[in-house]
Asks: 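The following block contains the structure, expressed as structure tokens.
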Amino acid sequence: MENVIIIGSGPAGLTAAIYAARANLKPILIAGMERGGQVTLTNDLENYPGFPDGLGGFEMYQLFEKQAQKFGTEVVYDVVTEVDLTGEVKTVKTSDKEYQSKVVIIATGSTPKKLDVPGEKEFTGKGVSYCATCDGFFFTDKHVAVIGGGNSAIDEGLFLTRFAKKVSIIHRRDQLRADAILRDRALNHEKIELIWDTVVEEIKGKESVSELVLKNVKTNETSTFPIDGIFIFIGHYPNVDLFDGQIDLESDTNTIKTNHRTHTNQTGVFACGDVQDSIYRQAITAAGSGCQAAMEAEKYVAELEGKVYPAKK
Ligand SMILES: Cc1cc2nc3c(=O)[nH]c(=O)nc-3n(C[C@H](O)[C@H](O)[C@H](O)COP(=O)(O)OP(=O)(O)OC[C@H]3O[C@@H](n4cnc5c(N)ncnc54)[C@H](O)[C@@H]3O)c2cc1C
């Protein structure tokens, strides 16, 4: 019987591992297919405290993992395929092993929805971004495109006007889904232009993005559009399929429902990072909630073992 199994090796999972290991819980962390999580998709993290010169996402992952292992975390390079989180003893299956644990910490993150067009993958981190807070600064005085028409696209588009000289919001419909207040701000903003009924067919460039191929969905006309960067905000998929029917989700965002102390609806199961956060989605907030989850786990295990509330003699 393990004390704690952590699912996911992004900032949330690895921070939970550091804290759980330092609490002598000997955690097992199952890394999943994307070792290091979403941060490894970026070469420049400039907003993580403690690194004034910035650091690469993969480098950050290696440092986090080293620190977790130093205190006794066992990192398993496998994927969780099945879980049973409903009883006091939790079962976690990977492709070749089955674990039993007192606690499970879910840190499976989320995946930004992709346009799935040629050039998107190739230029991710080289002009293609899914996070204005993370990358907006790199586009100071540049012309950027924002794809999407919902609240997050408009909100992020407005945020980008702080840096970019021009923001072109490209939307496949002829009206925005975003709330009226955001809509009005965007429509009246001097740096923002709206391009309606249009989809991106291809992202082109050499070292970095320099051009989009656009198609008007009403006329079927295609055109090229010179651009310095493209921010894609068409939604996120929280990675929750594994927990279907066992863990309650938020109805609007599909993120895992937790209380302010990372507890899910199942006793002994905690969730942290982007899988339970539809708002901030940053490495630092993921790491912060990973810390919370591990501290809650420690308390829970101690309670189970009767350390906190020993039976009266
Ligand atoms: C391109 C890009 C650039 C970014 N830049 C910045 C930035 O500059 N600064 C910043 O603060 N934030 C940035 N972010 C956001 C940041 O990366 C995320 O907020 C953060 O990684 C979330 O951490 P997490 O641990 O919650 O989840 P994730 O990083 O998404 O990690 C999820 C983990 O779960 C694992 N997993 C999923 N399913 C399973 C399974 N079945 N079994 C086992 N493991 C599983 C995956 O392998 C992965 O390791 C960026 C995001 C992107 C996409």
Side-chain angles (χ1 to χ4, degrees), residues 5-18 28-51 54-61 64-65 68 75-83 92-97 99 104-114 120-121 123-138 156 229-244 255-256 258 262 270-294:
I5 293 197
I6 299 163
I7 311 177
S9 56
L14 283 166
T15 305
I18 292 166
I28 292 183
L29 179 142
I30 301 167
M33 299 235 276
E34 282 135 19
R35 287 191 206 173
Q38 293 169 68
V39 280
T40 59
L41 296 175
T42 182
N43 294 322
D44 287 298
L45 260 114
E46 291 195 331
N47 53 8
Y48 200 86
F51 299 93
L55 82 167
F58 192 75
E59 197 186 344
M60 170 185 256
Y61 155 56
F64 275 31
E65 189 179 76
V75 179
V76 176
Y77 301 110
D78 206 341
V79 175
V80 175
T81 52
E82 213 181 311
V83 292
V92 174
K93 286 187 194 167
T94 64
S95 52
D96 69 352
K97 206 167 165 183
Y99 299 87
V104 168
I105 296 179
I106 301 172
T108 47
S110 72
T111 310
K113 287 186 190 166
K114 310 285 188 308
E120 182 176 15
K121 201 168 171 196
F123 290 113
T124 293
K126 296 175 191 157
V128 173
S129 174
Y130 303 89
C131 176
T133 308
C134 315
D135 298 331
F137 184 77
F138 300 120
E156 304 272 18
I230 164 170
F231 287 78
I232 300 164
F233 301 118
I234 51 174
H236 273 80
Y237 298 108
N239 299 320
V240 292
D241 292 355
L242 195 58
F243 316 107
D244 195 25
T255 45
I256 290 180
T258 56
T262 72
F270 306 89
C272 50
D274 284 14
V275 75
Q276 52 83 250
D277 171 16
S278 62
I279 300 171
Y280 304 108
R281 290 196 290 246
Q282 293 295 293
I284 184 71
T285 48
S289 69
C291 154
Q292 287 179 294

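Ligands are counted one by one from 1 in listed order, and the atoms in each one are counted from 1 as well. Computed over heavy atoms, backbone and side chain alike; hydrogens, waters and symmetry mates excluded. Fair warning: this is a prediction, and the values are worked out from it, not measured in the lab.
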Asks: Check each of K113, K114, E156, E120 against I232 using the side-chain contact (heavy atoms from CB on, under 4.5 Å) test, and report the only one that passes.
Replies: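 Testing I232 for a side-chain contact (heavy atoms from CB on, under 4.5 Å) against K113, K114, E156, E120 leaves exactly one candidate, E120.
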Asks: I want to know whether F58 and Y61 have ring centres closer than 6.0 Å.
Replies: yes
Asks: Using distance alone, determine whether D135 and ligand 1 share an N or O pair under 3.5 Å.
Replies: no
Asks: Hey, does D274 come in under 3.5 Å of ligand 1, counting only N/O atoms on both sides?
Replies: yes
Asks: Does N239, backbone or side chain, put an N or O under 3.5 Å from an N or O of ligand 1?
Replies: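 Looking only at distances, the answer is no, because the N/O contact criterion of under 3.5 Å is not met.
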Asks: Taking the minimum heavy-atom distance to atom 41 (N) of ligand 1, which of V128, V80, T40 ranks first?
Replies: V80
Asks: Does A283 reach ligand 1 with a nitrogen or oxygen that is under 3.5 Å from one of the ligand's nitrogen or oxygen atoms?
Replies: yes
Asks: My understanding is that only residues two or more places apart in sequence, or in another chain, count here; which of them pass side chain to side chain contact (heavy atoms under 4.5 Å, CB included) with A107?
Replies: A12, C272
Asks: Looking only at distances, can you tell me whether any N or O atom of D78, backbone or side chain, sits closer than 3.5 Å to an N or O atom of ligand 1?
Replies: no
Asks: Which bit of L242 gets closer than 4.0 Å to ligand 1, counting heavy atoms only: side chain, backbone, both or neither?
Replies: side chain
Asks: I'd like to check the ring-ring contact (aromatic ring centres under 6.0 Å, His included) partners of Y77; sequence neighbours left out, ordered by chain and number.
Replies: none
Asks: Less than 3.5 Å between some nitrogen or oxygen of V275 and one of ligand 1, yes or no?
Replies: no
Asks: When only distance counts, is P11 in polar contact with ligand 1, meaning an N/O pair under 3.5 Å?
Replies: yes
Asks: Check whether NZ of the Lys or CZ of the Arg K93 lies under 6.0 Å from the centre of the six-membered ring of Y99 and within 45 degrees of that ring's axis.
Replies: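 No, cation not above the ring by the 6.0 Å, 45° rule.
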